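Keep in mind that what you see is a predicted model, and the values were worked out from it rather than measured.
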Amino acid sequence: MSGAGDAVQNGAAQKRTGEEDTGGSGSEDGATSEDPVVGNVNKFCAVPPGYQGKPKRGHLIFDACFESGNIGRVDYISEFEYDLFIRPDTCNPKFRVWFNFTVENTVDGQRVIFNIVNFSKTKSLYREGMTPCVKSTSRPKWQRIPSKNVYYYKCPDHHKNYVMSFAFCFDRQKDMYQFSYCFPYTYSRLQAHLGSIEKKQYPYFNRECLTNTVQQRNLDLLTITDEENLDKGKRQKIIGITSRVHPGESPASFVCQGLIDFLVSNQPEAQILRKYLVFKVIPMLNPDGVYLGNYRASLMGFDLNRHWGNPSAWAHPTLYAAKNFFLDMDSNPDMDVEMYCDIHAHSTLLNGFMYGNVYEDSSRFERQAVFPKLMANNCDDFSITNTNFNRDPIKAGTGRRYLGGAMNEDALCYTLEVSFYGYQAAGGGGGGGSTVIPYTEDAYVRLGRNFGRTFLHYYRLTGLIPEQMSKTVSVRNMSNRKKKTSNASSVVDSSYDSRNLFRSSPSSSS
């Protein structure tokens with residue numbers, strides 16, 4: 001990277017500031033650890049205090065000015081240690097969790113410790129063994145950093161805030177490295193994936209723009225069903241799906257992609273579902289927040305999943321459109337909204353699981369308990385133990401709670417959650433329910449496919465889908481699925497062998 005200094009922001013970053021040092025010692029601009037973090041770093045070169053001239057090889061260059069990027073500040077502590085500050089969500093300083101940044105201008109064998117110092121949440125799966133994700137230019141597949149290199153602790157140097165520190169060794173100086181809270185899934189990636197499906201011109205797949213965001217991005221609406229189900233006068237059985245209302249919950253997008261890919265596939269199960277059901281899918285409810293690298297808020301700083309009850313057309317345009325869309329379908333005499341599910345990722349619990357509502361009607365309450373039980377039968381990573389039915393007042397503005405009270409009494413409303421970290425498998429293949437298997441991108445997608453299969457089993461029980469038809473398909477596919485799930489843990493474990501990719505200790509090979 002000769003001449004890197006011409007294209008980078010050369011900053012002699014400040015040292016960590018303790019109570020006895022309030023003057024921002026070591027900082028050329030007088031910044032302290034109390035200064036607000038605004039905007040992402042842009043080709044920022046962290047050099048020792050007082051250093052002048054162009055950056056040398058080994059002076060790390062940090063960047064987060066790209067789609068879904070987030071790091072707002074870098075403090076040079078020593079040549080081996082750097083404090084990194086998450087940029088808060090736009091217009092909302094409360095939320096500081098998601099990070100996604102690149103590092104370049106490294107030296108072969110250069111070892112560093114990165115401290116993420118300003119998390120807004122104290123509870124975290126980092127306590128349970130979760131680790132950040134990493135990839136590099138020559139190794140573009142995301143993987144998790146080995147857990148032995150990651151520490152999560154309360155730090156006295158940062159007002160006893162929780163800090164996540166991880167050690168890393170750069171082994172290829174020509175590579176650019178990227179680090180992230182979890183596997184990123186950007187707005188552009190969604191657009192590319194939906195575009196690839198559109199090009200296949202499936203007669204049972206339709207994509208339209210429900211509305212535009214504040215920054216004029218599309219709110220995609222997908223309709224997946226056999227064409228004859230949309231004939232005028234034919235009664236439609238609607239399944240509503242939304243995802244990514246919280247932009248930092250990227251696993252939700254992988255799950256939603258798995259569901260979409262399954263529903264448009266030529267799998268016999270998918271063909272039956274398209275014959276009897278109409279799937280309405282909004283795969284990304286908060287495109288601006290995703291694009292900007294926020295964790296929980298929209299562009300204007302709103303947690304959209306607390307505003308379903310009274311969304312504003314100008315402040316929450318995607319939510320406003322989604323709410324009216326579902327309520328319009330519910331009031332349409334030719335449509336029966338059977339089920340609604342909002343897909344999320346969870347930062348403190350393991351596995352996939354569901355949240356449901358509490359109803360006074362005991363029969364409705366009992367009916368909604370069936371689907372999660374079927375999910376547990378279909379998914380070795382789904383937890384009935386974590387599944388919960390509640391009417392917590394703080395959740396009154398969520399999609400699950402609001403639509404559960406606003407739509408017809410036969411509609412079942414859920415939240416499907418999946419862990420940012422991993423799962424304890426129900427069977428022996430996953431360690432007998434004790435060993436945590438870290439999720440991969442493929443494992444998230446697999447959960448989405450199994451989510452789709454569960455609709456077949458559920459609506460066979462309700463009688464909407466003829467039992468004999470679904471039984472024939474289930475028997476034909478059961479043996480293949482068992483083989484795949486029984487081998488899943490070994491496949492996941494082998495993909496995390498960091499010795500083959502990133503060195504993490506002096507004894508590791510490149």
Answer yes or no: is there an ion pair linking Asp336 with Lys237, defined by an N-O contact shorter than 4.0 Å?
yes

Are the charged groups of Arg460 and Glu269 less than 4.0 angstrom apart, N to O?
no

Run Thr435 and Gln424 through side-chain contact (heavy atoms from CB on, under 4.5 Å) and show every step you take.
CA-CA 6 Å; Thr435 302; Gln424 294 172 312; over 6 Å; no

Given Phe371, which of Phe455, Tyr355, Tyr340, Tyr459 fulfils the ring pair (Phe, Tyr, Trp, His ring centres under 6.0 Å) condition?
Phe455

Determine the minimum heavy-atom distance between Ala322 and Trp308, stating which atoms define it.
CB-CH2, 4.2 Å

For Arg400 and Asn357, what are the C-alpha separation, side-chain angles and deciding distance, and is it a side chain to side chain donor-acceptor pair (under 3.5 Å)?
CA-CA 8 Å; Arg400 166 181 63 88; Asn357 296 320; 2.8 Å; yes

Counting the benzene-type ring for Trp, do Phe179 and Phe166 have ring centres under 6.0 Å apart?
yes

Under 6.0 Å between ring centres: does that hold for Tyr204 and Tyr202?
yes

Is the distance between the ring centroids of Tyr181 and Phe420 less than 6.0 Å?
yes

Heavy-atom closest pair, residues His158 and Val117
NE2-CG1, 3.5 Å

Which atoms form the tightest heavy-atom contact between Asn92 and Gly301, and what is the distance?
ND2-O, 2.8 Å

Looking just at side-chain N and O atoms, do Lys280 and Thr223 make a donor-acceptor pair shorter than 3.5 Å?
yes

Asn286 side-chain N/O to Val245 backbone N/O, donor-acceptor pair under 3.5 Å
yes

Any donor-acceptor pair under 3.5 Å linking the side chain of Arg87 with the backbone of Val38?
no

Could you check whether Phe95 and Tyr295 have their ring centres less than 6.0 Å apart?
no

Between Ala297 and Pro247, the two heavy atoms sitting closest are O-CG, 3.5 Å

Return yes when atom CG of Asn310 has more than 12 non-hydrogen atoms of other residues, nucleotides or ligands closer than 6.0 Å, and no otherwise.
no

Taking C-beta and beyond as the side chain, do Ser347 and Val97 meet within less than 4.5 Å on heavy atoms?
no

Checking side chain to side chain donor-acceptor pair (under 3.5 Å) between Asp288 and each of Asn294, Thr318, Thr213, which is the one that passes?
Thr213

Can we call the ring centroids of Phe382 and Phe353 under 6.0 Å apart?
no

Tyr291 six-ring centre to Arg217 NZ/CZ under 6.0 Å and within 45° of normal:
yes

For the residue pair Tyr423 and Tyr439, is the inter-centroid distance of their aromatic rings smaller than 6.0 Å?
yes

Donor-acceptor pair, distance only, cut-off 3.5 Å: does the side chain of Glu249 make one with the backbone of His346?
no

Exercise: do Ser165 and Asn115 side chains pair donor with acceptor under 3.5 Å:
yes

So, Arg296 and Asp303, do they make that salt bridge, N to O below 4.0 Å?
yes

Please round to the nearest 0.5 Å and tell me the distance separating atom OG of Ser253 and atom OH of Tyr185.
6.0 Å

Measure the shortest side-chain to side-chain distance between Pro88 and Val37 over non-hydrogen atoms and say whether it is less than 4.5 angstrom.
yes

Hey, is Asp261 close enough to Arg449 for a salt bridge, meaning N to O under 4.0 Å?
no

Leu412 and Glu338, any side-chain heavy atoms less than 4.5 Å apart:
no

May I ask you to check whether Tyr162 and Phe119 place their ring centers less than 6.0 Å from one another?
no

Crowded around Glu208 CD? As in, over 12 foreign heavy atoms under 6.0 Å?
yes

Tell me, please, whether Tyr359 has Arg364 positioned over its six-membered ring: NZ or CZ under 6.0 Å from the ring centre and within 45 degrees of its axis?
yes

Measure up the Phe101 and Phe114 rings against each other and bin them: parallel (under 30°), tilted (30 to 60°), perpendicular (over 60°).
perpendicular

Could you pull out the closest heavy-atom pair between Ile86 and Trp98, with the gap in Å?
CG2-O, 3.3 Å

